[in-house]
Amino acid sequence: MKFFIDTANLAQIKEAQDMGVLDGVTTNPSLMAKEGIKGQDNILKHYVDICKIVTGDVSAEVISTDFEGMVKEGEALAALHSQIVVKIPMIKEGVKAIKYFSEKGIRTNCTLVFSAGQALLAAKAGATYVSPFIGRLDDVSTDGLSLIEDIRVIYDNFGYETEILAASVRHPMHIIECAKIGADVVTCPLSAIAALLKHPLTDIGLAQFLADAKK
Ligand code: E4P
């Protein structure tokens with residue numbers, strides 16, 4: 001399973017990359033705003049800066065909601081760097097844009113997916129990745145992980161190559177459950193990846209080994 005980090009923070013991206021387990025980055029307009037990145041030129045430069053840190057795919061989201069606007073923005077984003085994946089919202093115009101990009105060989109990440117039907121449409125349109133938001137489903141008392149299970153079954157039934165990119169992943173158990181289900185990718189904050197490291201018996205055992213080594 002691939003690990004993507006869900007942030008536009010360069011220090012955190014570098015830290016995850018340095019751990020040696022990072023396969024890519026996802027961003028969205030909210031994450032860019034959180035880092036104070038404003039203005040088109042700065043936003044484009046920031047995507048390139050992210051691409052220079054990581055070796056894998058970097059999702060950059062369009063903000064247009066009409067087909068022509070998405071195509072224009074997406075083509076400009078894709079031209080920035082070979083690692084860029086154009087992130088497109090799951091709306092009717094977005095499905096058309098995903099199909100267009102798929103035929104042009106431009107990779108896409110279909111975002112804001114909350115149902116199996118939406119995921120099926122994204123795969124039929126030729127999305128490279130589909131992003132079901134599991135944490136936000138959990139937030140409204142719906143089981144986000146069962147959506148990942150449903151999409152896995154549907155994609156396997158028909159051999160769709162669209163990768164399931166579990167998004168809105170909030171904690172280490174989300175990551176473990178996604179791995180058990182067979183999600184292709186999880187995208188999460190650095191804190192969730194770092195939490196996978198932790199076990200009190202590891203700390204106790206290491207302290208004991210180090211104490212015994214001095215004997
Ligand atoms: C996905 O690509 C989104 O950027 C992200 O995972 C949303 O997560 P949130 O629900 O924690 O904002």
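Order of appearance sets the numbers: ligands from 1, and atoms from 1 within every ligand.
In terms of protein heavy-atom proximity, atom 11 (O) of ligand 1 is nearest to R170 NE, 3.3 Å. The nearest protein atom to atom 2 (O) of ligand 1, hydrogens excluded, is given as K87 NZ, 2.6 Å; this is a heavy-atom distance. Among all non-hydrogen protein atoms, the one lying nearest atom 8 (O) of ligand 1 is S168 CA, 3.4 Å.
Taking the six-membered ring where the residue is Trp, H174 and H171 present parallel rings, their angle staying beneath 30° rather than reaching 60°.
Under 4.0 Å is where a charged nitrogen must lie from a carboxylate oxygen, and between D184 and K2 no such pair does. Under a 4.0 Å N-O distance rule, the pair D66/K72 does not qualify as a salt bridge.
Taking every heavy atom of R136 and a limit of under 4.0 angstrom, the matching atoms of ligand 1 come to 7 (C), 9 (P), 10 (O), 12 (O). Set against the non-hydrogen atoms of A167, the atoms of ligand 1 under 4.0 Å away are 1 (C), 6 (O).
Qualifying side-chain hydrogen bond (donor to acceptor under 3.5 Å, both in side chains) partners for D212, counting only residues two or more places apart in sequence or in other chains: Q208, K215.
Side-chain N/O atoms of T26 and S59 include no donor and acceptor closer than 3.5 Å.
Residue D6 holds the heavy atom nearest to atom 5 (C) of ligand 1 of all those in D6, I134, N28, L112.
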